[in-house]
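Notes to accompany the following structure.
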Amino acid sequence: MRNHSTITEFILTGLSDDPHIQALLFVLFLVIYLLTVMGNLTMLLLIRADSHLHTPMYFFLSNLSFVDLCFSCVTLPKLLKDLLSEKKTISVEGCLTQVFFVFFSSGTEACLLSVMAYDRYAAICHPLHYGQVISTQLCVRLVLISWGLACLNAFVIVLLAISLDFCDAQTIHHYTCELPALFPLSCSDISVVTNILLCSSLLHGLGTFIPIFFSYARIISTILSISSTTGRSKAFSTCSSHLIAVILFFGSGFLCYLMPPSGSSLDLLLSVQYSAVTPMLNPLIYSLKNKEVKAAVKRTLGKHL
């Protein structure tokens, strides 16, 4: 940490300076945080409790719910605290820790969404061999690889952040410690670090998005070849929830990290979208559009009523 000896903390600008708007934002994000925690915990407990959901798809979904739970806990508690504080500060060590866990959580989610796309491809395009293709051992390996790759990517990113020198500027024009938001504060040459971050984001982003793209290309082709309207509708319903989750996460995530940091309202909105709103919506998307989850809720409630 010797490179950061000139300053010990950063100051976050947050989402607004107006006390009245901050009060409204506090209520809004408190509701988002509570819904995120309750929704993802419910999904985890429901999948664990109902034997009908002990399938590869829901094994991946339980991991996704756990990641979403972690993702929201990385940013929202600090945001809620800052919305009630006059001075929004974070230590350099705390900032770098947040950078690591933001990349770790988002990277794991991207990998899991890619793995889930392959699962949906196997279920729709090769239904007769699904049990052989998506075995329990493969599921565990894919999840471990997802966590491992995301951890490695986050470790590289935080090493880049540690290599930066921060001399006088302390104000981060953001509500959380995003690495691109730290670049304008650095008094060292950031060109190499910026290029490495861009390459890393592209490699990890495209490496997870391309399998999703090809999986859905095959899925759509298979669905269109089904003769009956009922069959097409049933096949599409099995992957529509995942497709919505992919669009929400990758759409805002790509824009957030591929656009140059400006501290604009759009930057903040995109960051809020993928780090706060998406983790809240995922359990709602998978429960509202999924008959198996609805049936599991009824069975679980029936046992306890």
Side-chain angles (χ1 to χ4, degrees), residues 1 3-34 36 71-106 154 157-158 160-191 193-194 197-198 201 251-280:
M1 299 302 296
N3 288 342
H4 308 290
S5 58
T6 52
I7 62 170
T8 58
E9 64 181 17
F10 294 116
I11 300 170
L12 298 163
T13 57
L15 295 173
S16 174
D17 294 326
D18 190 320
H20 299 291
I21 295 177
Q22 284 186 356
L24 291 173
L25 288 173
F26 176 81
V27 174
L28 173 64
F29 282 101
L30 180 61
V31 171
I32 288 175
Y33 183 53
L34 292 176
T36 302
F71 202 175
S72 64
C73 291
V74 170
T75 55
L76 288 182
K78 172 63 177 169
L79 174 60
L80 290 171
K81 176 179 175 292
D82 286 344
L83 287 171
L84 298 177
S85 307
E86 287 187 19
K87 193 175 182 182
K88 305 170 180 61
T89 60
I90 184 169
S91 67
V92 174
E93 293 83 359
C95 187
L96 295 178
T97 301
Q98 197 172 57
V99 167
F100 174 81
F101 282 107
V102 163
F103 274 94
F104 186 29
S105 302
S106 59
I157 296 299
V158 86
L160 294 178
I162 290 173
S163 71
L164 296 174
D165 295 323
F166 302 102
C167 304
D168 300 313
Q170 290 181 269
T171 304
I172 299 174
H173 295 283
H174 213 285
Y175 69 91
T176 187
C177 281
E178 297 272 8
L179 185 56
L182 295 179
F183 290 156
L185 277 64
S186 178
C187 54
S188 56
D189 182 13
I190 63 168
S191 58
V193 176
T194 305
L197 175 63
L198 181 61
S201 299
S252 54
F254 270 136
L255 289 173
C256 194
Y257 280 94
L258 296 183
M259 288 196 318
S262 62
S264 65
S265 299
L266 180 60
D267 280 353
L268 297 176
L269 185 63
L270 290 171
S271 181
V272 167
Q273 163 65 44
Y274 88 90
S275 66
V277 177
T278 299
M280 176 192 69

Is the backbone of [Y] close enough, under 3.5 Å, to the side chain of [X] for a donor and an acceptor to pair up by distance?
X: Ser163; Y: Leu160; answer: yes
X: Ser91; Y: Gly94; answer: yes
X: Glu9; Y: Ile90; answer: no
X: Ser72; Y: Tyr33; answer: no

Between atom CG of Leu30 and atom CG of Leu76, what is the distance when rounded to the nearest 0.5 Å?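 If I round to the nearest 0.5 Å, the distance is 9.5 Å.
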Can you tell me how far apart CG (Leu15) and CD (Gln22) are? Round to the nearest 0.5 Å.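 These two atoms lie 8.5 Å from each other.
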A side-chain contact here means heavy atoms from C-beta on lying under 4.5 Å apart; do Phe10 and Leu185 qualify? yes
Given side chains that start at C-beta, do those of Leu24 and Val27 come closer than 4.5 Å, heavy atoms only?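 No. Closest side-chain heavy atoms not under 4.5 Å.
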Looking at [X] and [Y], what are the two nearest heavy atoms and their distance?
X: Ser271; Y: His174; answer: OG-CE1, 3.3 Å
X: Ile11; Y: Lys87; answer: CD1-CE, 4.4 Å
X: Leu96; Y: Ala161; answer: CD2-CB, 3.4 Å
X: Leu182; Y: Ile172; answer: CD2-CD1, 3.4 Å
X: Met280; Y: Thr36; answer: CB-OG1, 3.1 Å

With sequence neighbours left out, what residues match Phe29 under ring pair (Phe, Tyr, Trp, His ring centres under 6.0 Å)?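 None.
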Mind checking what makes ring pair (Phe, Tyr, Trp, His ring centres under 6.0 Å) contact with Tyr175, not counting sequence neighbours?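 For Tyr175, no residue satisfies ring pair (Phe, Tyr, Trp, His ring centres under 6.0 Å) once neighbours in sequence are set aside.
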For Lys78, enumerate each residue passing the salt bridge (Lys or Arg N to Asp or Glu O under 4.0 Å) test, keeping only those at least two apart in sequence or located in another chain.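 Testing Lys78 for salt bridge (Lys or Arg N to Asp or Glu O under 4.0 Å), a comparison that skips the adjacent residues, returns Asp82.
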Can you check side-chain contact (heavy atoms from CB on, under 4.5 Å) on Thr176 and Leu12, steps first, answer last? CA-CA 7 Å; Thr176 187; Leu12 298 163; 5.8 Å; no
With sequence neighbours excluded, tell me which residues meet side chain to side chain contact (heavy atoms under 4.5 Å, CB included) with Leu28.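 Leu28 satisfies side chain to side chain contact (heavy atoms under 4.5 Å, CB included) with Leu25, Ile32 once adjacent residues are dropped.
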Side chain to side chain contact (heavy atoms under 4.5 Å, CB included) with Asp18: which residues, sequence neighbours excluded? Ser16, His20, Ile21
Can Gln98 and Thr75 be said to form a side-chain hydrogen bond (donor to acceptor under 3.5 Å, both in side chains), step by step? CA-CA 8 Å; Gln98 197 172 57; Thr75 55; over 6 Å; no
Those residues that, when tested against Gln273, pass side-chain hydrogen bond (donor to acceptor under 3.5 Å, both in side chains) (two or more places apart): Thr278
Is it the case that atom CZ in Phe26 sees more than 12 heavy atoms from other parts of the structure closer than 6.0 Å? yes
